[in-house]
Asker: 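Dropping the structure in here first, questions after.
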Amino acid sequence: MTGILDAALCRYRRHSTTILRVSVGLVFVGFGVMKFAPDASPAEDIATRTMDVLAFGLVPSGATRPLLALFETTIGLGLITGILLRLVLAAFFLHMAGVFAALLILPDEMWNGQLPTLEAQYIIKNVVLIAACLTVAAEESLRTTVITPRRPEPVHRVRARL
């Protein structure tokens, strides 16, 4: 039985980063699509109020929810397809910075004394998504980094050292 499990895990390992990337993408598409419908997302109020503060009130209140929906859905689709992955990952990390900013921007709703409220817990759990996308980013960096092989030293330099 251990041999079968080891073989399955070995096959999974080859695709684990892709599975992780697509899984996070599906989560983002799901929550992004939910934001297209008013009052469908439990995080809608916090998200729109946070974006309002971060955008200095320049984004009309009626546009905030659809823009967030579009942004999250686009990030999700990018993660699922892997198209323009570096750009998508940058957008993801920018989005996460905005998400976590709510913990500071809306302290009355985020903290009950020193304990996080349910809304804050909803935000804090995103640390798992950040860890997942850091793994994807590290793998993408390794995949796209070209290592230039060193040219061998001329023979006369090698002999001079001997």
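Because the structure is a prediction, the values reported are computed rather than measured. Heavy atoms only: backbone and side chains are in, while hydrogens, waters and symmetry mates are out.
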Asker: What's the separation between atom CD1 in Ile75 and atom CG in Leu87, rounded to the nearest 0.5 Å?
Answerer: 9.5 Å
Asker: Show me the donor-acceptor pairs, under 3.5 Å and distance only, between side chains in residues 120-135 and residues at least two apart or in other chains.
Answerer:
residue: Gln121; atom: NE2; partner: Pro116; partner atom: O; Å: 3.3
residue: Lys125; atom: NZ; partner: Tyr122; partner atom: O; Å: 3.3
residue: Asn126; atom: ND2; partner: Ile123; partner atom: O; Å: 3.1
residue: Thr135; atom: OG1; partner: Ala131; partner atom: O; Å: 3.0

Asker: Answer yes or no: is there a side-chain heavy-atom contact under 4.5 Å between Pro42 and Met34?
Answerer: yes
Asker: I need the Phe36 CZ to Leu68 CG distance, nearest 0.5 Å.
Answerer: 10.0 Å
Asker: Taking Thr117 for the side chain and Glu109 for the main chain, is one N or O donor matched with an acceptor at less than 3.5 Å?
Answerer: yes
Asker: Evaluate the side-chain proximity of Val29 to Ile80: yes if any heavy-atom separation is below 4.5 Å, no if none is.
Answerer: yes
Asker: Is it possible for you to say whether Val53 and Phe100 belong to one hydrophobic cluster, with membership spreading through side-chain heavy-atom contacts below 4.5 Å?
Answerer: yes
Asker: I need the Glu44 CD to Thr64 OG1 distance, nearest 0.5 Å.
Answerer: 10.0 Å
Asker: Can you establish whether the number of heavy atoms outside Phe56 located under 6.0 Å from its atom CZ is more than 12?
Answerer: no
Asker: Determine the minimum heavy-atom distance between Ala102 and Thr50, stating which atoms define it.
Answerer: CB-OG1, 3.2 Å
Asker: Is the shortest heavy-atom distance from the side chain of Ile46 to the side chain of Met110 under 4.5 Å?
Answerer: yes
Asker: Any non-hydrogen side-chain atom of Pro66 less than 4.5 Å from a side-chain atom of Leu70?
Answerer: no
Asker: I need the Asn112 CG to Glu119 CD distance, nearest 0.5 Å.
Answerer: 10.5 Å
Asker: Spell out, yes or no, whether Phe31 and Leu26 are grouped together once hydrophobic residues are joined by side-chain heavy atoms under 4.5 Å, including indirect joins.
Answerer: no
Asker: Short question: side chain of Ser141, backbone of Ala138 - any donor-acceptor pair under 3.5 Å?
Answerer: no
Asker: What pair of heavy atoms forms the shortest contact from Ile19 to Ser23, and how long is it?
Answerer: O-OG, 2.7 Å
Asker: With clusters defined by side-chain heavy atoms of hydrophobic residues (ILVMFWY) lying less than 4.5 Å apart, directly or transitively, does Leu67 cluster with Leu58?
Answerer: no
Asker: Is the shortest side-chain N to carboxylate O distance from Glu140 to Arg21 below 4.0 Å?
Answerer: no
Asker: Minimum heavy-atom separation for Phe71 to His95, with atom names?
Answerer: CE2-CB, 3.6 Å
Asker: Testing the basics here: between Gly32 and Ala69, what is the closest heavy-atom pair and its distance to 0.1 Å?
Answerer: O-CB, 3.3 Å
Asker: Under 4.5 Å between side-chain heavy atoms, hopping through other hydrophobics if needed: is there a path connecting Ile105 to Val59?
Answerer: no
Asker: Side-chain heavy atoms nearer than 4.5 Å, only ILVMFWY residues, links allowed to pass through others: does that put Phe93 and Val99 together?
Answerer: yes
Asker: Hey, could you give me the CG/CH2 distance between Leu104 and Trp111, rounded to the nearest 0.5 Å?
Answerer: 8.5 Å
Asker: Between His15 and Arg11, which heavy-atom pair has the shortest distance, and what is it?
Answerer: CD2-O, 3.3 Å
Asker: Taking side chain as C-beta onward, heavy atoms only, is Leu79 less than 4.5 Å from Leu89?
Answerer: yes
